[in-house]
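Treat the numbers as computed from the prediction; the structure is a model and nothing was measured. Sequence lines set the chain letters: A, B, ... in the order given, protein chains first and strands last, and positions in each chain run from 1.
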There are 2 protein chains.
Amino acid sequence: MEPELIKFVLTIAYDGTPYAGWQIQKVGLGVQQLVEEALAKLFPSAPRVHSSSRTDTGVHAIGMVVHVEIPKTELRLPDPRLMLAINAFLPLTIRVMSAKRCSASFHARFNATGKQYRYYIWNAPAMNPLLVQRAWHIPKALDIDSMSRAAQKVIGKHDFKSFAGTRSYEMDSTVRTVQKMAIKKEDRLITVIIEGDGFLYKMCRGLVGTLVQVGSGKLDKDSLSTILEARDRTAAGMTAPAHGLVLWKVFYRKGKS
Amino acid sequence: MEPELIKFVLTIAYDGTPYAGWQIQKVGLGVQQLVEEALAKLFPSAPRVHSSSRTDTGVHAIGMVVHVEIPKTELRLPDPRLMLAINAFLPLTIRVMSAKRCSASFHARFNATGKQYRYYIWNAPAMNPLLVQRAWHIPKALDIDSMSRAAQKVIGKHDFKSFAGTRSYEMDSTVRTVQKMAIKKEDRLITVIIEGDGFLYKMCRGLVGTLVQVGSGKLDKDSLSTILEARDRTAAGMTAPAHGLVLWKVFYRKGKS
């Protein structure tokens, strides 16, 4: 007889700086590995986690969502202690922010309806020492209005092949819907908020890198449409560095987590 | 004949984590020492800097203001290169954010009309790994409304003796005017913005620590008035830890910097 499994959904935050991304790597340390090692210290079955997303080397997360199944017989902690117990076995760069039971049918990846990423840019001649490894430093003043107008061209359902790293060429479809692409500036800190139903490999960073080239006058604000139509990575601008990007939130239908 | 001196005003940002505060220390490394060492590498006269403020061990700054006098004969760089040249000799934890000439009569401390500090609190069961050493972790939910009402009692001209570290007892007056004490909450991040004409030693952290005790129900929201009237440090609440505090901005009268 199979042991009864209890499914939990965990929200995980991490500072991506010391890690080779989310996924378990052959070379380098993935965040997933440390989370699974912490779980193995609590549960003899060493449960695997199933994530909503992967993040690249250096990319951060505040709202990564994963699910994990734990045999009922191994669950000796009351649920409210689970988060604290896992965190006790994790470095301070990785924290479980919440842990709660979910339905047996829930799947962190397949049930996700969308994601929000945030990208931070420090736009001033000298870098802010409080945002090292948290924001991309662009010394020259960016034209936020041009960037905002360019961002409007991205919203909607498009073939984002031009904004995808080569890895995604293998995938069936490069069509995605971007619901939101907003640029906020507060003092010298620019935040780009990107929401979509899904993202191709390096798509967020390709979009932000291209927007920054628009903001610095290297690309025209209308070039976003041309780039999208080209369906060719070489048509787009640069890829923004990983350390400015944060996986902010994963969306699910109500009652689906 | 005295050499002609050119006065500059520098705005300096730093991550206070590795430093024993701003001021040059007998034990430990002050930020001031590193700034003066960088200046000594550029200017043989090894000019001293005069700061608007001191910050404690672990406290950060984004807008520390200092002035410095450089002999005209030693100024071989065009002014716009000065900031970059000093930064080249500083660790990434300390950055000169701007450097410009000011009038010979300007004094970073004596001409300051006020200061703004910001204090960050991460209010969630688990700490945000992206805000380690940047925000105070308070796991239990704080009552922001009570904190905001309590903060209102602080605004105005008061004797802040109850909120000052012992060091300030030696000073002539403990009367200060707080112009602003605002509490913002965005998601799980609480920001306390404090503006005043001057601050006693550990006053900001005493105010924030007391507010947090109001927010967690350990002190009544009206207790701020009682504490102020007591003029006694033992009447106030706890001192908030240094790593949540940032010297945000120093104010000067227009044309005075």
Can you tell me which portion of B:M97 sits under 4.5 Å from chain A's heavy atoms? Options are side chain, backbone, both or neither. both
Which bit of B:V96 comes within less than 4.5 Å of chain A, counting heavy atoms only: side chain, backbone, both or neither? backbone
When only heavy atoms count and the cut-off is under 4.5 Å, which of residues 117-129 of chain A reach chain B? A:W122, A:P125, A:A126, A:M127, A:N128, A:P129
Can you see which heavy atom on A:R134 is nearest to which on B:L130, and at what distance? NE-O, 3.3 Å
Applying a strict 4.5 Å limit to non-hydrogen atoms, the region of A:N87 in contact with chain B is side chain
CG (A:L131) and CD1 (B:I62) are apart, to the nearest 0.5 Å, by 7.0 Å
Tell me, yes or no, whether the heavy-atom count around B:K185 atom NZ, taken from other residues, nucleotides or ligands under 6.0 Å, exceeds 12. yes
Identify the residues of residues 186-193 of chain A whose heavy atoms come closer than 4.5 Å to a heavy atom of chain B, ordered by number, or report 'none'. A:E186, A:R188
Does B:K7, at its NZ atom, have more than 12 non-hydrogen atoms belonging to other residues, nucleotides or ligands within less than 6.0 Å? yes
